[in-house]
Amino acid sequence: MRIYLTDIALPYGLMVTEHKDRKNNHMKVDMYAPVPGDDRLRPSFYLMEDNIETKELYHFYKSNMMKVMQEYSTEYCNHPDMSWLLEKNIIHKALINNHVISHTKSAVFQCMKENYPIEVDVLSLSDGIIIVGRKDELGKITGGCDVRELTWMQLKSKLQESSHIDANQVFKFTDFLEYVHGVIPVLLEIKSDILSADSQENLALASEVVKEIRAYIRKYGLEAHTGKMAVHSSNPYILRIIRDIDCMIPVGQISLDFDQSKYKDTVTEEMKKIHREQSYMDIIVPDFICYNMHDLPNLRIQCICKQHGIPLLAWTIKTAEEQETARQYCDNIRFLYKGIIINHNKNRAN
């Protein structure tokens with residue numbers, strides 16, 4: 001059982017019961033309207049998440065409660081600690097050394113050695129095993145196949161056949177967490193093209209990631225300086241699932257101007273619309289936004305971050321010149337090391 005207290009008085013109280021089978025999820029709503037006499041007569045009712053007549057109201061109450069906790073809950077604001085997102089540059093794909101392959105054990109080791117936070121991608125294979133890596137990079141190594149259609153054993157076999165990389169260099173997500181063991185902060189990017197909070201694929205991936213993050217924080221997050229972790233994605237719906245499962249995990253929205261970007265031909269019109277209108281602020285109120293540095297400055301994005309009091313990060317910095325530009329508009333950067341000096345974070349200009 002988890003109890004969340006807010007610093008403001010609310011007109012209702014919620015008791016949410018969640019199950020592995022979401023069809024059984026329900027909530028009890030106690031309205032605090034003043035009633036004469038016996039307090040037990042105050043209005044109360046139950047809502048089922050999977051019931052067509054109550055589903056919309058169920059998500060209305062839960063979504064609004066998440067927003068209230070973000071703004072007014074002392075527990076939420078102080079746990080978990082997000083200050084690490086602004087302390088040092090975050091190394092994109094754990095690539096701090098151009099002589100190693102990104103996301104691999106060797107790349108992560110170099111970042112741990114230099115004590116820098118890292119950003120890595122996670123994706124799910126056909127057998128449900130989650131790995132650390134990008135489908136495009138692993139696809140090149142394995143002969144152009146879509147690695148998401150492979151099992152873990154099939155991927156290991158194809159890696160062994162390749163002359164580019166030792167198969168043991170690619171992490172299962174669980175093995176990656178044990179390898180890092182709280183030494184450096186980790187920013188996870190979850191890739192998903194399915195724009196739905198009801199998708200079974202999204203639910204399975206998000207649920208497994210949350211389960212492992214919870215175990216990781218319990219094991220390595222007891223000390224103030226260890227076990228720091230956050231999740232971000234360009235898909236707000238998978239972030240919505242994570243927020244619904246555990247609102248204490250920091251979630252960030254990756255965004256860009258798809259109308260101007262080189263990525264505009266690789267995404268659906270629905271995705272473009274979400275980012276063009278910033279409707280992710282309604283789907284999921286993010287704890288931070290990570291924006292494409294080539295689309296900055298963007299006054300609307302900067303105002304949104306200022307209005308909600310959330311950090312603005314820039315991705316992905318490749319040169320010293322880009323670094324200086326991003327510093328003018330952002331609180332921190334995701335950095336792809338290219339042999340240039342990595343400066344510690346400085347506050348952005350007002």
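Computation of the quantities below employed the complete heavy-atom set of this structure, encompassing side-chain atoms and omitting hydrogens, waters and symmetry-equivalent molecules.
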Subject >> Euclidean distance, Leu95 CG relative to Glu119 CD, rounded to 0.5 Å >> reply: 11.5 Å
Subject >> Lys28, NZ atom: more than 12 neighbouring heavy atoms under 6.0 Å >> reply: yes
Original post:
By side chain to side chain donor-acceptor pair (under 3.5 Å), which residues pair with Glu161, not counting sequence neighbours?
Top reply: none
**OP:** Using modelled atom types only, decide if a donor and an acceptor are shared between the side chain of Arg243 and the backbone of Val285 within a distance under 3.5 Å.
**Re:** yes
Original post:
Do side-chain atoms of Asp331 reach the backbone of Leu312 as a donor and acceptor pair under 3.5 angstrom?
Top reply: yes
Original post:
Counting only N and O atoms by type, is there a donor-acceptor contact under 3.5 Å from the side chain of Thr104 to the main-chain atoms of Ile101?
Top reply: yes
Original post:
Taking the side chain as C-beta and beyond, is there a heavy-atom pair between Ile289 and Tyr280 under 4.5 Å?
Top reply: yes
**OP:** Output the distance between atom CG (Asn332) and atom CD1 (Ile317), rounded to the nearest 0.5 Å.
**Re:** 9.5 Å
Subject >> Check: Asp295 main-chain N/O paired with Asp257 side-chain donor or acceptor under 3.5 Å >> reply: no
**OP:** Using the side-chain contact (heavy atoms from CB on, under 4.5 Å) rule, take Ile165 and Val170 through it: C-alpha gap first, then chi angles, then the decisive distance, then the call.
**Re:** CA-CA 9 Å; Ile165 187 175; Val170 175; 4.0 Å; yes
**OP:** Over all heavy atoms of both residues, which pair between Met293 and Glu322 is shortest? Give the atoms and the distance, please.
**Re:** CE-O, 3.4 Å
Original post:
Is a donor on one side and an acceptor on the other found under 3.5 Å between the side chain of Asp146 and the backbone of Gly139?
Top reply: no
Subject >> Backbone of Ser106 reached by a side-chain donor or acceptor of Gln169 within 3.5 Å >> reply: yes
Subject >> Glu201 CD to Ser124 OG distance, which is reported to the nearest 0.5 Å >> reply: 9.5 Å
**OP:** Inspect the contact between Glu208 and Lys211 and indicate whether a charged nitrogen and a carboxylate oxygen are less than 4.0 angstrom apart.
**Re:** yes
Original post:
So, Gln323 side chain and Thr319 main chain: donor-acceptor pair closer than 3.5 Å or not?
Top reply: no
Subject >> Least distance between heavy atoms, His103 atom then Val132 atom >> reply: CD2-CG1, 3.8 Å
Subject >> same_hphob_cluster(Leu188, Ile245) at 4.5 Å side-chain heavy-atom cutoff >> reply: yes
Original post:
Mind checking whether His232 and Phe288 have parallel, tilted or perpendicular rings, split at 30° and 60°?
Top reply: tilted
**OP:** Using atom types as modelled and distance alone, determine if a side-chain donor or acceptor of Asn25 lies under 3.5 Å from a backbone N or O of His19.
**Re:** yes
Original post:
Do the side chains of Phe173 and Glu212 get nearer than 4.5 Å, heavy atoms only?
Top reply: yes
Original post:
Can Lys23 and Glu49 be counted as an ion pair, charged N to O under 4.0 angstrom?
Top reply: no
Original post:
In terms of side-chain geometry, is the basic nitrogen of Arg240 or Asp282 positioned less than 4.0 Å from the acidic oxygen of its partner?
Top reply: no
Subject >> Spacing of CD belonging to Glu269 relative to CD1 belonging to Ile274, to within rounding of 0.5 Å >> reply: 11.5 Å
Original post:
Do Leu313 and Cys330 have side-chain heavy atoms sitting under 4.5 Å apart?
Top reply: no
**OP:** Could you tell me whether the side chains of Lys191 and Asn235 share a donor-acceptor contact shorter than 3.5 Å?
**Re:** no
Original post:
Hey, any chance Met229 and Val183 share a hydrophobic cluster, counting ILVMFWY side chains that come within less than 4.5 Å of each other, even indirectly?
Top reply: yes
**OP:** Please report the closest heavy-atom contact between Ile241 and Ser196, naming both atoms and the distance.
**Re:** CD1-O, 4.3 Å
Subject >> Leu296 and Thr325, any side-chain heavy atoms less than 4.5 Å apart >> reply: no
Original post:
Just checking, Lys88 and Tyr116: is the charged tip under 6.0 Å from the six-membered ring centre and within 45° of the axis?
Top reply: yes
**OP:** To the nearest 0.5 Å, tell me how far Asn89 CG sits from Ile96 CD1.
**Re:** 10.0 Å
Subject >> Atom pair CG/CH2 of Leu187 and Trp84 - distance to nearest 0.5 Å >> reply: 5.0 Å
Subject >> Exercise: identify the closest heavy-atom pair between Tyr237 and Ala197 >> reply: CD2-N, 3.7 Å
Subject >> By side chain to side chain contact (heavy atoms under 4.5 Å, CB included) - contacts of Lys172 (at least two apart) >> reply: Ile129, Trp152, Thr174, Asp175
Original post:
Only one of Glu270, His275, Glu277 clears side chain to side chain donor-acceptor pair (under 3.5 Å) with Lys273; which?
Top reply: Glu277
**OP:** Name all residues meeting the side chain to side chain donor-acceptor pair (under 3.5 Å) criterion together with Asp127; count only those two or more places apart in sequence or in a different chain, and write none if there are none.
**Re:** none
Original post:
Are Val120 and Ile190 connected in a single hydrophobic cluster, I mean Ile/Leu/Val/Met/Phe/Trp/Tyr linked by side-chain heavy atoms less than 4.5 Å apart?
Top reply: yes
Original post:
Crowded around Tyr179 OH? As in, over 12 foreign heavy atoms under 6.0 Å?
Top reply: yes
Subject >> Co-membership, hydrophobic cluster, residues Phe60 and Leu47, 4.5 Å side-chain >> reply: yes
**OP:** Please step through side-chain contact (heavy atoms from CB on, under 4.5 Å) for the pair Val147 and Leu123, ending with a clear verdict.
**Re:** CA-CA 9 Å; Val147 295; Leu123 57 89; 4.2 Å; yes
Original post:
With no hydrogens and no angle check, do the side chains of Tyr291 and Asn298 hold a donor and an acceptor under 3.5 Å apart?
Top reply: yes
**OP:** Step by step, work out the side-chain contact (heavy atoms from CB on, under 4.5 Å) result for Val108 and Ile118.
**Re:** CA-CA 8 Å; Val108 173; Ile118 58 174; 4.2 Å; yes
**OP:** From the options Ile284, Ile238, Val251, select the one residue that forms a side-chain contact (heavy atoms from CB on, under 4.5 Å) with Ser233.
**Re:** Ile238
Original post:
Does a side-chain N-to-carboxylate-O contact under 4.0 Å join Arg214 and Asp246?
Top reply: yes
Original post:
Hey, does the side chain of Gln253 reach the backbone of Ser234 with a donor-acceptor pair shorter than 3.5 angstrom?
Top reply: yes
Subject >> Residue pair Pro311 / Cys305: nearest heavy atoms and the distance that separates them >> reply: O-SG, 4.1 Å
**OP:** May I ask you to test the Met15-Met27 pair for a side-chain heavy-atom distance under 4.5 Å?
**Re:** no
**OP:** Please indicate whether Phe45 has more than 12 foreign heavy atoms, meaning atoms of other residues, nucleotides or ligands, lying under 6.0 Å from its CZ.
**Re:** yes
Original post:
Got a salt bridge between Lys219 and Glu178, using NZ or NE/NH1/NH2 to carboxylate O under 4.0 Å?
Top reply: yes
Subject >> Closest contact, heavy atoms only, Ser126 versus Thr151 >> reply: OG-N, 3.3 Å
**OP:** Report whether Ile213 and Leu203 are members of the same hydrophobic cluster (ILVMFWY, side-chain heavy atoms less than 4.5 Å apart, transitive linking).
**Re:** yes
Original post:
Would you call Ile91 and Cys111 a side-chain contact if the rule is heavy atoms closer than 4.5 Å?
Top reply: yes
**OP:** Could you tell me whether a side-chain N or O of Trp315 sits under 3.5 Å from a main-chain N or O of Cys290, the two making a donor and an acceptor?
**Re:** yes
